Structures are given as structure tokens and as C-alpha cells.
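Just below is one structure, and these are the notes that go with it.
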Amino acid sequence: PLQQRPHDEL
Amino acid sequence: MNIFRFAGDMTHLISILILLLKIYATKSCAGISLKTQELYALVFLTRYLDLFTDYVSLYNSVMKIVFIASSLAIVWCMRRHPLVRRSYDKDLDTFRHQYVVLACFVLALVLHERFTFQEVFWAFSIYLEAVAILPQLVLLQRSGNVDNLTGQYVLFLGAYRGLYIINWIYRYFTEDHFARWIACVSGLIQTALYADFFYYYYLSRIKQDTIMRL
């Protein structure tokens, strides 16, 4: 699912 | 990456560097809350736990290291530098920030995107960043000392918040399923608290200028 992506915002 | 977020990251970094340089140049941290600066360092340390596990981009990794280093440098200066530490308003900077840390951690245990070690600490860092300005706001109300809180510092801090909100609006309309609600809601609360800080900052500034003119 989408939330598996790492956080790309600092 | 969009221009709003890049500009937001740059203005955020510049605001931190302005504060660090101001403290280092004047060898004084009068009017600056060590507790707020410690909370900021904690925000970066808990948010970037994925520094060695998730690689997003070179920019992302470099900026994480720079934010951690610069925020720790400010805390080190205020705690260890022999000249700077003497000017710290220890008896005015008395906001009990440990309760804020605890409240944010409990909230992160309840409200997070996934119940994993890194995600709980990521949510914790998002909540903590929103309220980290409180000790500085209280200190400013008590001391009214804006000597080291330069106008540029406040300007870049405001620009960082404003640009990030525009970044979220932009991502909401350009990316399907952009749903970082925790960051967006907490970021709005943070911006509201910054607006309060800016209000007290300009009040103190006007008061100080009036006194200087008299």
C-alpha cells in the first residue's frame, strides 16, 4: 500500500 | 520534489544557520530558549532514524545530516561554550518541556501511519516539532528580549512554514493519494503557534524600539 513508501519530506 | 518544498527546506536551514551564526558571532544566547533548541534537535534525531535504512535521494540524506548537525551545534553552543552559556536565561527558560515530550510520545503511540518503531518515532517528531516553539514563546513573553532573535530568523522561519503549506496544497492537487494527514494537520497547528510567536516577537520588537528611542 501507499504508506509503505519512505517519508520523502524532511 | 517541488519548488515550494525545496524553498521551504532552504528557508528552514537558513533560519537555523542564522541563529547558530548569531549565537556564535555575539557569543551570547540571551533571549533564546535552550529547551526549544533541544526539542528541535530531538525532532531531527527521531525523524531521521531512517537515515541509514531508507535512501530517498542524495539531497534528502545530505539535508538530514545538515539539520541534525546544525541543531546539535546550537544546543552544544548554549550548553558547553564557556562564553555563550553564561548568557543563557536559565531562570526564565523554565517551561517544563518534558511533559510536552511525553504527551507527543503518547499521542504517537495512539496516532501513527504504521505501528513500527520508525513510524511511531516519525509521528512523535511531527507532533513534537509542532509544539517545540512553546518554551521559546514563553521565554519571549517573560523576557521580551529579542536581541538574538533577529528579524531575519523570524522571517525565514515564517517562510519555511508558509512554503511547506503551499507544498502540501500543491502535492494534494498534483499527486493522486497524497495523504500525509499527520504531517499536514500537525503542520497547520505548528504554523498557528508560529504565528503566535511572531505576534509576540513583533510586540517585543516595537516595545524595545520605543524604549530605545525614548
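Convention: sequence-line order gives letters A, B, ...; per-chain numbering from 1. This structure is a prediction, so every number in the text was calculated from the model and none was measured.
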Pairwise distance NE2(A:H7) to CZ(B:R47) - rounded to 0.5 angstrom: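 Rounded to the nearest 0.5 Å, the NE2-CZ separation comes to 9.5 Å.
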
From CE (B:M63) to CD (A:E9), nearest 0.5 Å: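 Going from CE on B:M63 over to CD on A:E9, the span is 13.0 Å.
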
Considering only heavy atoms, which portion of [X] lies under 4.5 Å from any heavy atom of chain A: side chain, backbone, both, or neither?
| X | answer |
| --- | --- |
| B:Y59 | side chain |
| B:Y55 | neither |
| B:F44 | neither |

Does B:N60 reach the main-chain N or O of A:D8 with its side chain, forming a donor-acceptor pair under 3.5 Å?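 Present.
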
Is the count of non-hydrogen atoms from other residues, nucleotides or ligands lying under 6.0 Å from B:Y202 atom OH greater than 12?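 It does: B:Y202 OH has more than 12 such atoms within range.
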
Within the supplied structure, the quantity of interest is the number of heavy atoms (other residues, nucleotides, ligands) at a distance under 6.0 Å from B:Y170 OH; does it exceed 12?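 No, OH of B:Y170 has 12 or fewer neighbouring heavy atoms, counting only those of other groups under 6.0 Å.
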
So which atom in A:L10 and which in B:F67 form the shortest heavy-atom distance, rounded to 0.1 Å?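 Looks like CD1-CE1, 3.7 Å.
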
